[in-house]
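Here the structure is laid out as structure tokens; the discussion comes afterwards.
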Amino acid sequence: MRILITAGGTSEKIDDVRAITNHSTGSLGQAIAKEWLQYPEVAIDYVTTKTAKQPPTDPRVTCHFIEGTTDLLAQLTDLLTTHSYAAVIHSMAVSDFTPAAHFSEAAFYEAINDALPTYDNQVTPALMAHVLTQSEATAGKVSSNTDHLFLVLKKTPKVIQTIKALQPTTLLVGFKLLVDVAEDELFAVARKSLLASQADYVLANDLTQISGNQHVGHLLTQEGQIGTGRTKAEIATLIVDTLRNDLRA
């Protein structure tokens with residue numbers, strides 16, 4: 001039985017020194033891998049970053065290291081077109097945005113002012129698209145010789161939506177993290193993401209309920225709630241037991 005797990009958080013490159021990332025440590029993915037390894041028939045492809053917590057050392061685990069969302073999409077596409085997976089557990093925290101352009105303060109004002117006459121002295125989407133073509137080169141390190149650095153971010157593709165497109169029959173677990181919301185809202189948003197990604201399950205969690213050994217996560221389907229874990233180990237057991245029961249059905 002082959003399982004695919006993603007864990008940790010992507011890092012979106014600004015230049016050769018700086019990047020935008022998130023606080024994901026990969027601890028939950030690590031716990032899920034450990035839970036699966038109880039079963040000798042399981043082999044795991046584990047997609048993560050070099051800075052995340054790593055899965056247990058085991059000959060049945062193959063690690064694939066990525067950095068940004070583009071790397072992740074390419075790696076998943078390669079794996080999903082090479083292997084057949086009983087289940088995919090997509091716990092990686094994927095950046096919603098990635099740097100598209102950057103300007104020093106002087107360069108930004110100059111690009112705007114130069115473009116205004118061509119666009120009837122109005123800041124429009126067309127003007128901004130033109131300004132972005134004037135972005136400074138990204139090779140090396142962005143100079144700090146400016147009081148303000150203008151950084152333009154563009155939306156990244158929804159990587160999770162690729163999974164069912166490439167392997168419609170795999171069991172897919174997605175994850176949705178919100179911050180300090182009512183449980184009804186958390187569940188509603190999680191189910192909306194489940195529908196968009198065609199996932200079979202989604203693990204809904206709230207950052208305010210993640211601290212130290214505590215990690216409250218609710219495993220949901222479109223129809224209802226499967227169960228709740230209150231630590232990473234409990235969540236891992238909940239996910240793995242649910243998938244194993246589904247695969248046996």
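Heads up: numbering here begins at 1 and tracks the sequence. Atom set for the values below is all heavy atoms of this structure, side chains included, hydrogens, waters and symmetry mates excluded.
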- Message: Would the distance check show the side chain of Ser11 and the main-chain N or O of Ala19 forming a donor-acceptor pair, the cut-off being under 3.5 Å?
- Response: no

- Of all the heavy-atom pairs spanning Leu186 and Ala204, show the shortest one and how long it is. CG-CB, 3.9 Å

- Message: Can you confirm whether more than 12 heavy atoms, excluding those of Asn113, are under 6.0 Å from its CG atom?
- Response: yes

- Connected via hydrophobic side-chain network under 4.5 Å: Val152 and Leu116: yes

- Message: Is the distance from the ring center of Phe103 to that of Phe150 below 6.0 Å?
- Response: no

- 4.5 Å side-chain heavy-atom contact, Val88 and Leu76: no

- Query: Between Leu28 and Val94, is there a shared hydrophobic cluster once you connect ILVMFWY residues whose side-chain heavy atoms come closer than 4.5 Å?
  - Reply: no

- Query: Tell me, which pairs form a side chain to side chain donor-acceptor pair (under 3.5 Å) where one or both residues lie in residues 159-168, sequence neighbours left out?
  - Reply: Lys164-Asp200

- Task: Please lay out, stage by stage, how Thr98 and Leu153 fare under the test side-chain contact (heavy atoms from CB on, under 4.5 Å).
- Result: CA-CA 5 Å; Thr98 191; Leu153 305 179; over 6 Å; no

- Find the distance between CD1 (Ile210) and CG (Leu177) and round it off to the nearest 0.5 Å. 5.5 Å

- Message: A side-chain contact here means heavy atoms from C-beta on lying under 4.5 Å apart; do Phe175 and Ile239 qualify?
- Response: yes

- Message: Using every non-hydrogen atom in the two residues, find where Ile14 and Pro99 come nearest and quote the distance to one decimal.
- Response: CG1-CG, 3.8 Å

- Task: Evaluate whether atom CG of Asn145 has more than 12 neighbouring non-hydrogen atoms of other residues, nucleotides or ligands under 6.0 angstrom away.
- Result: no

- Message: Within the 4.5 Å heavy-atom criterion, are Ile160 and Leu172 side-chain neighbours or not?
- Response: yes

- Leu220, Val189: one ILVMFWY side-chain cluster at the under-4.5 Å cut-off? yes

- Kindly compute the distance separating CG (Leu194) from CG (Leu203), expressed to the nearest 0.5 Å. 11.5 Å

- For Ser27 against Lys53, the heavy-atom pair lying closest together: OG-CD, 3.2 Å

- Note on the structure: Residues Gly29 and Ser91: closest non-hydrogen pair is CA-OG, 3.8 Å

- The side chain to side chain donor-acceptor pair (under 3.5 Å) partners of Thr237 (sequence neighbours excluded) come to Glu35

- Message: Distance check, rounded to the nearest 0.5 Å: Ser84 atom OG versus Leu4 atom CG?
- Response: 11.5 Å

- Message: I'd like to know if Asp58 and Lys34 make a salt bridge, using a cut-off of under 4.0 Å between side-chain N and carboxylate O.
- Response: no

- Note on the structure: Residues passing the ring pair (Phe, Tyr, Trp, His ring centres under 6.0 Å) test with His218, sequence neighbours excluded, are Phe187

- Nearest heavy-atom neighbours spanning Ile44 and Val42: CG1-CG1, 3.8 Å

- Message: Just to verify, what does Ala233 make a side-chain contact (heavy atoms from CB on, under 4.5 Å) with, not counting sequence neighbours?
- Response: Thr231

- Query: Would you find a donor on one side and an acceptor on the other, under 3.5 Å apart, between the side chain of Asn22 and the backbone of Ser24?
  - Reply: yes

- Taking it one step at a time, do Ile235 and Thr228 satisfy side-chain contact (heavy atoms from CB on, under 4.5 Å)? CA-CA 7 Å; Ile235 291 171; Thr228 297; over 6 Å; no

- Ile32 reachable from Tyr201 in the ILVMFWY side-chain graph, under 4.5 Å edges: yes

- Take Ile89 and Leu171 through the side-chain contact (heavy atoms from CB on, under 4.5 Å) test and state the conclusion after the steps. CA-CA 8 Å; Ile89 304 164; Leu171 291 176; over 6 Å; no

- Message: Could you check whether any side-chain heavy atom of Leu195 comes within less than 4.5 Å of a side-chain heavy atom of Gln222, counting everything from C-beta outward?
- Response: yes

- Does any donor atom in the side chain of Glu12 or Thr69 lie under 3.5 Å from an acceptor atom in the other side chain? yes

- Is there a side-chain contact between Lys158 and Ser197 (heavy atoms, below 4.5 Å)? no

- Message: Is there a side-chain contact between Asp206 and Val181 in this structure, where contact means two heavy atoms from C-beta onward sitting under 4.5 Å apart?
- Response: yes

- Between Ile3 and Val47, is there a shared hydrophobic cluster once you connect ILVMFWY residues whose side-chain heavy atoms come closer than 4.5 Å? no

- NZ of Lys155: more than 12 outside heavy atoms within 6.0 angstrom? yes

- Note on the structure: For Ser95, the side chain to side chain donor-acceptor pair (under 3.5 Å) test, sequence neighbours excluded, returns Thr10

- In Å and rounded to the nearest 0.5 Å, what is the CD1 to CG distance from Ile112 to Asp114? 10.0 Å

- Does His102 offer a backbone N or O that forms a donor-acceptor pair with the side chain of Ser135 under 3.5 Å? yes

- Task: Taking Gln214 for its side chain and Gln209 for its backbone only, find out whether a donor-acceptor pair lies under 3.5 Å.
- Result: yes

- Message: Measuring only between side-chain heavy atoms, which start at C-beta, is Met1 closer than 4.5 Å to Leu247?
- Response: yes

- Write out all pairs satisfying side chain to side chain donor-acceptor pair (under 3.5 Å) with one or both partners inside residues 43-52, taking only residues at least two apart or from two chains. Arg2-Asp45, Asp45-His64, Asp45-Tyr85, Thr49-Thr51

- Query: Are the charged groups of Glu41 and Arg244 less than 4.0 angstrom apart, N to O?
  - Reply: yes

- Look up atom NE2 in His215 and atom CD in Glu234, then write down how far apart they are to the nearest 0.5 Å. 11.5 Å

- Message: Can you tell me how far apart CG (Asp246) and OG1 (Thr242) are? Round to the nearest 0.5 Å.
- Response: 8.5 Å

- Task: Indicate yes or no for a side-chain donor-acceptor contact from Thr133 to the backbone of His130 under 3.5 Å, with no hydrogens or angles considered.
- Result: yes

- When you measure from the side chain of Thr221 to the backbone N and O of Gly224, does any donor-acceptor pair fall under 3.5 Å? yes

- Message: When you measure from the side chain of Asp71 to the backbone of Gly68, do you find a donor-acceptor pair of N or O atoms at a distance under 3.5 Å?
- Response: yes

- Query: Tell me, do Val202 and His90 make a side-chain contact under 4.5 Å, heavy atoms counted?
  - Reply: no

- Message: Pair Val216, Asn205 - check side-chain contact (heavy atoms from CB on, under 4.5 Å), show working.
- Response: CA-CA 6 Å; Val216 179; Asn205 42 182; over 6 Å; no

- Please name the pair of heavy atoms, one in Leu73 and one in Pro157, separated by the smallest distance, quoted to 0.1 Å. CD2-CG, 4.2 Å

- Which is it for Asp15 and Arg18 under the salt bridge (charged side-chain N to carboxylate O under 4.0 Å, His left out) test, yes or no, and what are the steps along the way? CA-CA 5 Å; Asp15 60 20; Arg18 306 176 183 92; 2.7 Å; yes

- Does Gln198 reach the main-chain N or O of Ala196 with its side chain, forming a donor-acceptor pair under 3.5 Å? no

